[in-house]
Student: 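Input: one structure, supplied below.
Computed over heavy atoms, backbone and side chain alike; hydrogens, waters and symmetry mates excluded.
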Amino acid sequence: MPTSCDVCLPKHRGYTMFFENGESPAALATYFATYEEDQWMSVDATTVWMEEGVAFSLLDYLDIYFP
């Protein structure tokens, strides 16, 4: 698993997503379980970093499964 995000490791192309208004990335544990541990990381209770492909797939997943 990476120890920092793409800001610290420029060779890693990815996105940092912040959840707000009581939402939590913990609700996406099943989604993230389908990816390798080095493709994403939990930064804190409301923030997740993920590689570019994971982020784009997540947008599709959220559109289907979350209001």
Student: State, yes or no, whether a side-chain contact exists between Met50 and Thr16 at a heavy-atom distance under 4.5 Å.
Tutor: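 No, side chains not in contact.
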
Student: Report the relative orientation of the aromatic rings in Tyr15 and Phe56; use parallel for angles under 30°, tilted for 30 to 60°, perpendicular for over 60°.
Tutor: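 Rings of Tyr15 and Phe56: tilted, as their planes differ by 30° to 60°.
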
Student: Between Leu59 and Asp63, is there a side-chain heavy-atom distance shorter than 4.5 Å?
Tutor: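 No, side chains not in contact.
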
Student: About how many Å separate CH2 of Trp40 and CE of Met17, when rounded to the nearest 0.5 Å?
Tutor: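 The CE atom of Met17 sits 13.5 Å away from the CH2 atom of Trp40.
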
Student: Not counting sequence neighbours, which residues clear side chain to side chain donor-acceptor pair (under 3.5 Å) with Thr47? List them please.
Tutor: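 For Thr47, the residues satisfying side chain to side chain donor-acceptor pair (under 3.5 Å) (neighbours in sequence not counted) are Asp44.
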
Student: Can you list everything that forms a side-chain contact (heavy atoms from CB on, under 4.5 Å) with Glu20? Sequence neighbours excluded, please.
Tutor: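 Applying side-chain contact (heavy atoms from CB on, under 4.5 Å) to Glu20 gives Phe18.
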
Student: What residues form a side chain to side chain donor-acceptor pair (under 3.5 Å) with Tyr31, not counting sequence neighbours?
Tutor: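 With neighbours one apart ignored, the set is Tyr35.
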
Student: Nearest heavy-atom pair of Ala45 and Ser24: which atoms, and what distance?
Tutor: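 The pair with the smallest heavy-atom distance is O-OG, 3.8 Å.
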
Student: Counting C-beta onward and ignoring hydrogens, is there a side-chain heavy-atom pair between Val43 and Val48 closer than 4.5 Å?
Tutor: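 No. Closest side-chain heavy atoms not under 4.5 Å.
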
Student: Rounded to the nearest 0.5 Å, what separation is found between the CD atom of Glu51 and the CE atom of Met41?
Tutor: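 One gets 12.0 Å once the value is rounded to the nearest 0.5 Å.
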
Student: Might you point out which heavy atoms bring Leu58 and Phe32 nearest each other, and give the distance in Å?
Tutor: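 Here Leu58 and Phe32 meet closest at CD2-CZ, 4.5 Å.
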
